[in-house]
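Naming: A, B, ... by sequence-line order, numbering from 1 per chain.
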2 protein chains.
Amino acid sequence: MTGGTTAGGGATDPAGPHPEARTGPHPEARTGPHPEARTGPHPVPETGAHPVAETGPHPVAPERPRRRGVPTIYDVAQAAGVAPSTVSRTFSRPGRVNSETAARIRQVAAELGYRTNPMARALSTTHTSLLALVVPDITNPVFFEIINGVQDEAAEAGYTVVLVDSRESDRQEREALERALPIVEGIVLGTSRMSDASIRMIAKQRPMVAINRAVREIPSVVPDNSRGVRRALEHLGELGHDPVTYLAGPEASWADGMRWRGLREASLELAVHVRRLGPLAPTVAGGVAGAKAWLQSPTTGVIGYNDLVAIGFLRYVTSRGVRVPEDVSVVGYDNIFAADLVTPPLTTVATPRRALGAAAVRNLLAQIKGAHPRGGPPVIVPVKLVERQSTGPAPVRVPGAAASSSGLPAR
Amino acid sequence: MTGGTTAGGGATDPAGPHPEARTGPHPEARTGPHPEARTGPHPVPETGAHPVAETGPHPVAPERPRRRGVPTIYDVAQAAGVAPSTVSRTFSRPGRVNSETAARIRQVAAELGYRTNPMARALSTTHTSLLALVVPDITNPVFFEIINGVQDEAAEAGYTVVLVDSRESDRQEREALERALPIVEGIVLGTSRMSDASIRMIAKQRPMVAINRAVREIPSVVPDNSRGVRRALEHLGELGHDPVTYLAGPEASWADGMRWRGLREASLELAVHVRRLGPLAPTVAGGVAGAKAWLQSPTTGVIGYNDLVAIGFLRYVTSRGVRVPEDVSVVGYDNIFAADLVTPPLTTVATPRRALGAAAVRNLLAQIKGAHPRGGPPVIVPVKLVERQSTGPAPVRVPGAAASSSGLPAR
DNA sequence: GTGAAAGCGCTAACAA
DNA sequence: TTGTTAGCGCTTTCAC
């Protein structure tokens, strides 16, 4: 039904990777019925005293043409003169079979264009080599690298990833996940819109690891948020900025909580004051809103909840005549692609998102391999500050003077 | 192996979506051996004259505990007092079963927490409800919306998408695709790194549709490239720019070919001269390279192969003191996320990538449903020009004078 | 409309 | 090491 013209798989491959394929028997040649080809399962009781069991209208040969041209272990087994199970072993646990036999089988298999059928394998092993990756919105730049990291690490281990994009909707996420759940062996949650309870429910059904979010009982890998904001503040502090405004993220955001907490701690350690402004939507628009509020009581240093917020801020204040970094220095968070594209390029905390994805998969695979099902503290992945042109020395404070030539209101 | 604690599926669901589940029989209660539970397949020939056929050490009850707590059609059938085949029909072809029986079966199934096993179903039907989406690089902004469009449309039809990221490598793409191929029903090629020949080979095995690339024999959906560049040129022409430079994309790019061709045609029609500069890498770096070359013989209007190129151009010339759009107007292509983030925001041709993805899936699904396997001209999706601040009136030409106060060299 | 039973292609005891 | 055989859970003729 699917391809139609598949007969023999890659056997007729023109100049393809199977140069020897064309010397093999023509696939069509073995498409007919093989009465005795399958002596294995479900033998017809040909001597039994049950006339009822006779296959009715089929006197001798079942005459049922093999479904397609696609060769099975039975075809290979027959052609190689071994049992189907030996063929199976050759591919599923190499080593458990005499190397010579194995070689011959592989050879024959190649000639026939045999490929193991993942569905059949999965049916008996429940091992699908499929992983689900859940992201709320592929469009969000933050996820690209995570997806890549997950992809790479999964591919490395022979796994394929099923993408579940929740489109920022609880329902969609649930439905898509529901659909994917039965076929995947594990789930990577690259930030989810679902409640902790829902997540835990799903985690009951499959191994799971969460990125960027700590859910009780669920293994997780998170970037070193506190270190990240600390580096940002340190950087700003060294440049002479004090106080510094933190453009806060969404109220419900776990990451925002972590960042703010880290900031307060760092504030004490580094003796740089920090103000919180928000909550803000984690978008460019959010940044614009933040900028407007900030103009009411500006500081020379600003740290955005993420790059989008920082970019929105930057664009708005710039449009109002505030110069960056001369009047205000701004630091973003995440180091998304666009951070290097805005004017001026944004200094930001780079979260190793690819590493995050990779670490998540490794953890997940370990769970699947049967290790301890759950537990352990979050895996913390290091971050680093990327200095670009949006930060610079704090403007010199002329005591008693108003705030310079820029559009920056006096404080 | 997977979950471990799955017993009964969602049956013990705390406050979950199956409130009635807890009133059902406790899953554990039926986990033991059911000697006569399965009268169906593979009956032991208990009266045959083949002692050899006797199941050896299993005298009466096979004592093999049901693999897991997960209920099957057999469990449902037994509980509902019908045959397994009826349960199967109830779920696979509703209508072919008495509505009352069906209702009862569904009821029982819900109580038991029965879910049909996709692998088993796939094994006998080859219908997996899986689609593969191939993209060369998820990190490339151009693909986000395509992915979303594909996702949405697929989900709509009850399909799940498997992501194949080729990481810009022929080999990786091939391997990943190879892995996904046997389980998917069709393939959406969102721009591929593979050769036409390889693509056609794969298309032999599964229905396929290509986005943004025309391969002979393969159905494709493409944005209206010629209309896009025409609109860009028209826009520039109206602003008085002539000649206009086209920052060309990679040599091998099909899209580049289309755009350049469209540009030449439009050039004639609109009587605006067009120069070609390239080939360039389709990246910011490519744009920078293009800018350097452009400085040798500048024009007041520039059209980039894509937004990345346009952005690179914009940034470089800006850094050299050329003002945009006062000295030079630049138009991008694609309308990626970052286009609105750069300074000045980029005027660009918006390609309806989400629509592209959706159209591709619809086409693919039609093929799968058994329509005409191949053929037909590419489906063309309309584009539109988004005017932002990177374009403006051409600078007034003071006859004989050098080129203004900017860093723009005289022509 | 419903039931019986034969597979789908592979894996996994168990026996040899 | 290899062969035999009973499933994995579902769909699907074919009878009734």
Is there a donor-acceptor contact under 3.5 Å linking the side chains of B:Thr90 and B:Arg106?
no

Side chain to side chain contact (heavy atoms under 4.5 Å, CB included) for A:Val161 and A:Leu130? Distances and angles first, verdict last.
CA-CA 6 Å; A:Val161 2; A:Leu130 251 32; over 6 Å; no

What integer distance in Å separates A:Arg121:CZ from D:dG7:C1'?
17 Å

Nearest-nucleotide 5' precedence on DNA chain C, B:Ala120 against B:Arg96:
B:Arg96

Expressed in angstrom and rounded to an integer, what is the separation of B:Ile73 atom CD1 from C:dG3 atom C1'?
13 Å

Look at A:Glu178 together with B:Arg115 and state whether they make a salt bridge at an N to O cut-off of under 4.0 Å.
yes

Can you tell me if A:Asn98 touches the phosphate of D:dT2, counting only side-chain N or O atoms and a distance under 4.0 Å to OP1 or OP2?
yes

Tell me, do A:Tyr159 and A:Leu365 make a side-chain contact under 4.5 Å, heavy atoms counted?
yes

Tell me, with the steps shown, if B:Ile187 and B:Ile202 meet side chain to side chain contact (heavy atoms under 4.5 Å, CB included).
CA-CA 9 Å; B:Ile187 302 164; B:Ile202 298 208; 3.6 Å; yes

Under a 4.0 Å threshold between the charged nitrogen and the carboxylate oxygen, would B:Arg206 count as salt-bridged to B:Glu185?
no

Round to the nearest Å and state the distance from B:Tyr74 atom OH to D:dC10 atom C1'.
7 Å

What is the distance, to the nearest angstrom, from the CG atom on B:Leu123 to the P atom on D:dG7?
17 Å

Could you walk me through whether B:Asp152 and B:Val361 pass the side chain to side chain contact (heavy atoms under 4.5 Å, CB included) check?
CA-CA 9 Å; B:Asp152 284 2; B:Val361 169; over 6 Å; no

Provide, to the nearest angstrom, the distance between the CD1 atom belonging to A:Ile183 and the P atom belonging to D:dC8.
22 Å

Less than 4.0 angstrom between a side-chain N/O of B:Tyr114 and OP1 or OP2 of D:dC10, yes or no?
yes

Looking at the side chain of A:Asn117, which of C:dG9, D:dT2, C:dA12 is the nearest nucleotide?
C:dG9

Atom pair distance, as rounded to whole Å: CD1 in B:Ile105 and P in D:dC10
13 Å

If you take any heavy atom closer than 4.0 Å to DNA chain C, which residues from residues 84-93 of chain B end up in contact?
B:Ser85, B:Thr86, B:Arg89

note: B:Met119, atom CE; C:dC10, atom C1'; distance rounded to Å ~ 12 Å

Can you tell which of C:dC8, D:dG7, D:dT1 lies closest to the side chain of A:Thr101?
D:dT1

